[in-house]
Each structure stands twice: as C-alpha cells, then as structure tokens.
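Reading through the structure tokens given below for one structure.
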Number of protein chains: 2
Amino acid sequence: MDKQLKRMATMQRIQTTGLEIFYQKGYHNTSIDDILKELSLSKGAFYYHFQSKEEFFISIVQNLLFRKVYSSLIEPIEGEEDPLNKIAACFDNALETAEHNFLDYGFVLSNFITEFNGKNPDIMNYLQDILKVWEVNLVTALQKGKTDGYVNRHVDSEAVATYLISSYIGIRTLMVEGNGKMLRYNYIQQLRHYFKLIEHKEPA
Amino acid sequence: MDKQLKRMATMQRIQTTGLEIFYQKGYHNTSIDDILKELSLSKGAFYYHFQSKEEFFISIVQNLLFRKVYSSLIEPIEGEEDPLNKIAACFDNALETAEHNFLDYGFVLSNFITEFNGKNPDIMNYLQDILKVWEVNLVTALQKGKTDGYVNRHVDSEAVATYLISSYIGIRTLMVEGNGKMLRYNYIQQLRHYFKLIEHKEPA
DNA sequence: AGGGTAACAGACTTATAGGTCTGTTTATAG
DNA sequence: CTATAAACAGACCTATAAGTCTGTTACCCT
C-alpha cells in the first residue's frame, strides 16, 4: 500500500526537478545525470521508474506542464464574465510572476515547442495539445462575452485568440533579456488599448 | 590574391549551411559533422577556418543572421512614409514566405534567443543586438509617421514597437504547427484592426 | 619548374551522455 | 522473523561529438 505512495512520490520528485532543469537548460542540453545530481539519486532509480529520457519528458509534459499552463493561463479565465478584463488581468499576473524571477527563461510551453519543432513529432503533438486547449478556452470565453454583452458581436473570436496567444508568447520571449518591468508595462498598455476596439459599445 | 577569395568562399559556404542546419535542428542538437557531411568537407577544413563551434556560430550571427533579419524586417520599413501600412505589408510578406515553407522552423532569431537564454550570455548579447536594431528602427519609423501625419501623436511609439515585435515573434512560433495560412490571415486582420487605433485621425 | 605555404583530409583523443546490468538495501506480507 | 520483491546504487558499455594532429593536395611566387 505504502509502496505505491513512495513510488508516486519519487516519480513526482524526479519529474518536478526534471521540468525545472529542462526549462532552464533545454531538453537537449540537459543530461539525466544533471537531474539526478540535483536529487542525489542514481541512474538505477531513474531507469527503474522511467523507460527513457523521451518517455520521461512526455510524462512531465502531460502531468506538470499541462497543469502549469492551465492554472496560470486557462483556469483564471474559465467561466468568468467580462472576459477582456479577465484576460488582461490574467496576462498581467502571469507577466508579473515572470518579471520577479531573477533569471527568466521565457514561456515554458513555447520554449519546448521551439526546441522540438521538426525534430520530434510525437512530443510536438503533446505540446500543441496544450496550446489547443488554451486557444479553445479563449475562444469560448470571447463568445460567452458576446452573449453577455462584454464583447462586440462583430469580432472574430478565433482571430482575436490567435492574436492574444501570439503576443503573449512573444512578450514572454522578449522578457528574457532583462528589463521585464518596462516590457510588461508597455505590453499591457497596448493590450488594453487593443481591447477597446473589440469590446461592446453601447449604442448612443 | 585568389587565395583570399577562396578562403572567403569556403567560409561562406560553411556558414550558410551551418545556419541552415542550426536553424533546423538547433545549436545543441547539431554536430559539426552534420554540417560537414552536408558539404562533403572534413574536420580539418572546418577547424582551419574556425576556432570552435561557438566562435563559428557567433560569426554566423554577425554575418548571416543579422543580414537576414535586416533585409526581411528592417530594411523594407526604413525611411518609408506611411509606416503602419508598410509594417503590415512587411509582416504579411515575411509570414507569406514562412507559410510557403513546407516545414517551417519558426523565427530564426527568437529560436536562438530561446535556446541560448541563461546559457551563453556572450551569444545572447549578439542576438539581442539584432533585436535592438529592429526595435529602434520601428520606433524611428513610428515617430517619423507622427510628423508626417500618418500616426496619432498620442501613441507611445516604444510600447507599440514592443507590442509589434512580441506579436510577430509569437505568430511565427505558432506557425510551426502547420496551418500557417489561417494563422497568417487572422494575425494580419487583427494587426490592421489594431493599427486603426493608432493611426492619425483627421479632426472632423 | 620547384619550393613553400595555404587549404584540406581523416585518423585519433577525450569527454560526455543514454542506457544496461548486477548487486544491495528496504519494507511489507505471512 | 524471514522470504521476497520493490526501490535504489553505481560500475560498466557504447555511441557520439568537440577538438587535435599529422599527413597530403593544390596553388602561388620567384
């Protein structure tokens, strides 16, 4: 009984620091030993729990990465009214977290997408699934915003979602260079500016 | 006399296919042998011309990468009137090129920034220099647009530039997943939408 | 024409990284 | 308490990749 728990605990431990180091150094630039060293674990332990480096990474994507993106970028918007303000607040919040990281490595998801594109279609699918969920959720929120009178009925929800995701991925990529505060401020300013165009306007 | 030319030609050859493969597979995932194999050249040739893999990569960044970004994203806007339309056309053009690549690997510059962030400050500087040139050029174009009566005087040029670069980096990252046509269409649509807000409005 | 050097070939060295395998510890069941 | 299997340790194997070094070819200069 307790064995199962211990097993899960160890796997979680390895996955957690695995994601951390993969995020910092990239998949190809990280060795299994790098992760094991951090945990003071042995090769035997690792390969007892995971079949290979690739299978290990996929398990991280499905478990930790998805939840990470979901809790920070999807859940805060889901089901809420006034989607535009919610999205802006959610993005601002996520960027604030990034800004206060001493050394920021960008948006985890897009980093991996960049790294695996054209190299590993299998992993790419798992990563793009997360993107899809995000996009669908944004579109749903925008559509709901229309019926609730927050979003102009003439806007193309899918196009807006694409544009939002693009800009977010981009600003997170730019923020790695350091002056995150300025970038965040400018970005949110323009985002809110952009939202003025697509929000519902009361007929005068 | 001719020696010098031959030297330059060979170096160019190695650099060109080097950039190609680094772009496709990433820096850490490409070996010198991968490049040499493509060229049917030997280790001796490579290390005769370049000191190390890193120095080789930096030479590529300074020579080829800068020119690539410059000619496709900076030069078409430089000095032109009506900056907003020019920028939209320029972006659309760049995205069209990407769209028609059978297998797209994203925006070269941001790919490398993602890969080297936190790992090699030296290389990062060279990469960010290119970004800086791009940003400065966009800001200049927007400012000029103000005096020429194309851009609203109240817009924050630097914030707009940041926003533009972000969205472009993001859309290029997204386009790797395949349906580039739809993404490009949606993106440009929203971009032009956004531009309506910051363009100069004639007082009624 | 031939000596000398630039340009290149390719075997070799060394380090690292993914993965295997055998042995040892630990914990639970009977 | 002990047999047994899970959980882990760590030496080992093998492949690859960066970089070195010696030898060879090609071209220029006098």
Side-chain angles (χ1 to χ4, degrees), chain A residues 1-61 63 112 115-116 118-120 122-123, chain B residues 1-61 63 112 115-116 118-120 122-123:
Chain A
M1 285 297 149
D2 211 48
K3 283 275 179 68
Q4 192 71 4
L5 279 178
K6 184 170 173 59
R7 180 182 175 82
M8 295 290 279
T10 308
M11 288 178 76
Q12 276 282 336
R13 244 166 54 87
I14 303 180
Q15 286 172 327
T16 304
T17 62
L19 175 56
E20 233 170 82
I21 302 183
F22 280 141
Y23 171 52
Q24 286 173 27
K25 311 188 23 166
Y27 177 83
H28 294 98
N29 197 32
T30 322
S31 66
I32 301 298
D33 283 317
D34 286 338
I35 300 165
L36 264 23
K37 198 175 169 187
E38 190 74 21
L39 292 162
S40 301
L41 271 176
S42 68
K43 277 261 173 75
F46 180 85
Y47 282 96
Y48 176 76
H49 291 290
F50 303 99
Q51 291 175 26
S52 67
K53 187 184 179 185
E54 183 172 328
E55 185 262 354
F56 170 60
F57 184 76
I58 292 175
S59 79
I60 289 180
V61 172
N63 289 201
F112 289 140
E115 184 167 4
F116 285 106
K119 288 151 222 162
N120 193 316
D122 200 12
I123 292 182
Chain B
M1 284 297 147
D2 212 47
K3 283 275 179 70
Q4 192 72 3
L5 279 179
K6 184 170 174 57
R7 180 183 175 81
M8 296 290 279
T10 308
M11 288 178 76
Q12 276 282 338
R13 245 165 53 86
I14 304 180
Q15 287 171 327
T16 303
T17 62
L19 175 56
E20 233 170 81
I21 303 183
F22 280 141
Y23 170 53
Q24 286 173 25
K25 310 189 21 166
Y27 177 82
H28 294 98
N29 198 32
T30 14
S31 65
I32 301 298
D33 284 317
D34 287 337
I35 300 165
L36 264 24
K37 198 175 170 187
E38 190 74 22
L39 292 162
S40 301
L41 270 176
S42 68
K43 276 263 172 74
F46 180 85
Y47 282 97
Y48 176 76
H49 291 289
F50 304 99
Q51 292 175 26
S52 67
K53 186 184 180 185
E54 182 172 328
E55 185 260 354
F56 170 59
F57 184 77
I58 292 175
S59 81
I60 289 180
V61 172
N63 289 199
F112 289 140
E115 185 167 4
F116 286 105
K119 288 151 224 164
N120 194 316
D122 199 12
I123 292 182

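We name chains A, B, ... by the order of the sequence lines, and we start the count at 1 in each one.
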#### Entry: For atom CD1 of B:Ile35 and atom C1' of D:dG19, their distance in whole Å
14 Å
### side-chain N/O A:Thr10 vs D:dC8 OP1/OP2, d < 4.0 Å
yes
### Summary
Atom OH of B:Tyr47 and atom P of C:dA11 are separated, to the nearest Å, by 17 Å
### Message
Does C:dC8 have its OP1 or OP2 closer than 4.0 Å to a side-chain nitrogen or oxygen of B:His49?
### Response
yes
### Message
Taking 4.0 Å as the cut-off, does a side-chain nitrogen or oxygen of A:Tyr48 come that near to OP1 or OP2 on D:dA7?
### Response
yes
### Query
Are A:Phe46 and A:Ile14 close enough that some pair of their side-chain heavy atoms sits under 4.5 Å apart?
yes
#### Entry: Ring-face cation of A:Lys53 near A:Phe22 (centre distance under 6.0 Å, axis angle within 45°)
no
### Message
Of the listed nucleotides (C:dC8, D:dC8, D:dT20), which one gets closest to any side-chain atom of B:Lys43?
### Response
D:dT20
### Query
What is the distance, rounded to the nearest whole Å, between atom CG of B:Asn29 and atom P of D:dA15?
19 Å
### Query
Relative to each other, are the rings of B:Phe116 and B:His28 parallel, tilted or perpendicular (30° and 60° limits)?
tilted
### Message
I want to check one thing: is the phosphate of D:dA18, taken as OP1 and OP2, less than 4.0 Å away from some side-chain N or O of B:Lys53?
### Response
yes
### Message
To the closest 0.5 Å, what do you measure between CG (B:Asn120) and CD1 (B:Ile58)?
### Response
6.5 Å
### Message
Counting only side-chain nitrogens and oxygens, does B:Arg7 get under 4.0 Å of the OP1 or OP2 atom of C:dA7?
### Response
yes
### Out of C:dG18, C:dC8, D:dA18, whichever nucleotide has its closest atom nearest the side chain of A:Ser31
C:dG18
